[in-house]
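All remarks here apply to the structure that follows.
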Amino acid sequence: MRYLAEERAQCWRAVGILPSGVEVLIFVGRSASNVREHYITNFNDPELFDESFRTNVEILSMQRWSGAPDAGRWEDIAKLSIPGRSKKTARAAA
């Protein structure tokens with residue numbers, strides 16, 4: 001049996017969580033710092049996400065894959081700041 005895999009797995013991601021609980025993939029990267037560096041660019045890209053999506057996101061979560069490639073799950077590691085929202089606005093929404 002031959003196992004096909006990347007040289008280094010991309011096991012970190014940023015997801016936007018909507019009020020309904022739906023998770024929307026924002027960015028996939030190789031490390032936490034890579035995700036922190038690039039998620040804002042994707043989140044603000046009008047070709048990827050429209051304004052209504054950006055205003056409805058309740059939480060931006062950084063997650064890490066835990067487990068084997070074919071038998072694991074995503075774990076929440078940290079909350080990411082939502083671009084364009086002040087901390088006061090974010091607290092009021094929570």
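Numbering of residues begins at 1 and proceeds along the displayed sequence.
With sequence neighbours excluded, no residue forms a salt bridge (charged side-chain N to carboxylate O under 4.0 Å, His left out) with E47. By the ring-ring contact (aromatic ring centres under 6.0 Å, His included) test, Y39 pairs with no residue at all, sequence neighbours left out. For L18, the side-chain contact (heavy atoms from CB on, under 4.5 Å) partners at least two apart in sequence or on another chain are S20, V22, V24, F53, N56, V57. Partners of S33 by side-chain contact (heavy atoms from CB on, under 4.5 Å), not counting sequence neighbours, listed by chain and number: S31.
For the pair V15/W74, no side-chain contact is recorded, criterion being any heavy-atom separation below 4.5 Å from C-beta on. Between N44 and F49, the closest side-chain pair of non-hydrogen atoms is not below 4.5 Å. Residues V28 and C11 have side chains not in contact (no heavy-atom distance under 4.5 Å, counting atoms from C-beta outward).
From N42, atom CG reaches atom CG of L48 across 5.5 Å, with rounding to the nearest 0.5 Å. Here the CG atom belonging to D45 is positioned 13.5 Å from the CD1 atom belonging to I40, to the nearest 0.5 angstrom. Atom CZ of R54 is separated from atom CZ of F43 by 6.5 Å, given to the nearest 0.5 angstrom. Rounded to the nearest 0.5 angstrom, I59 CD1 and I17 CD1 are separated by 5.0 Å. Interatomic distance, CZ of R36 versus CZ of F27, reported as 13.0 Å (0.5 Å rounding).
The salt bridge (Lys or Arg N to Asp or Glu O under 4.0 Å) contacts involving residues 72-82 comprise R64-E75, R73-E75, where partners must be two or more places apart or lie in separate chains. Each salt bridge (Lys or Arg N to Asp or Glu O under 4.0 Å) pair with one or both residues in residues 12-25, not counting sequence neighbours, appears once here: R13-E23.
In this structure, P83 and L60 approach most closely via the heavy-atom pair CD-CD1, 3.8 Å.
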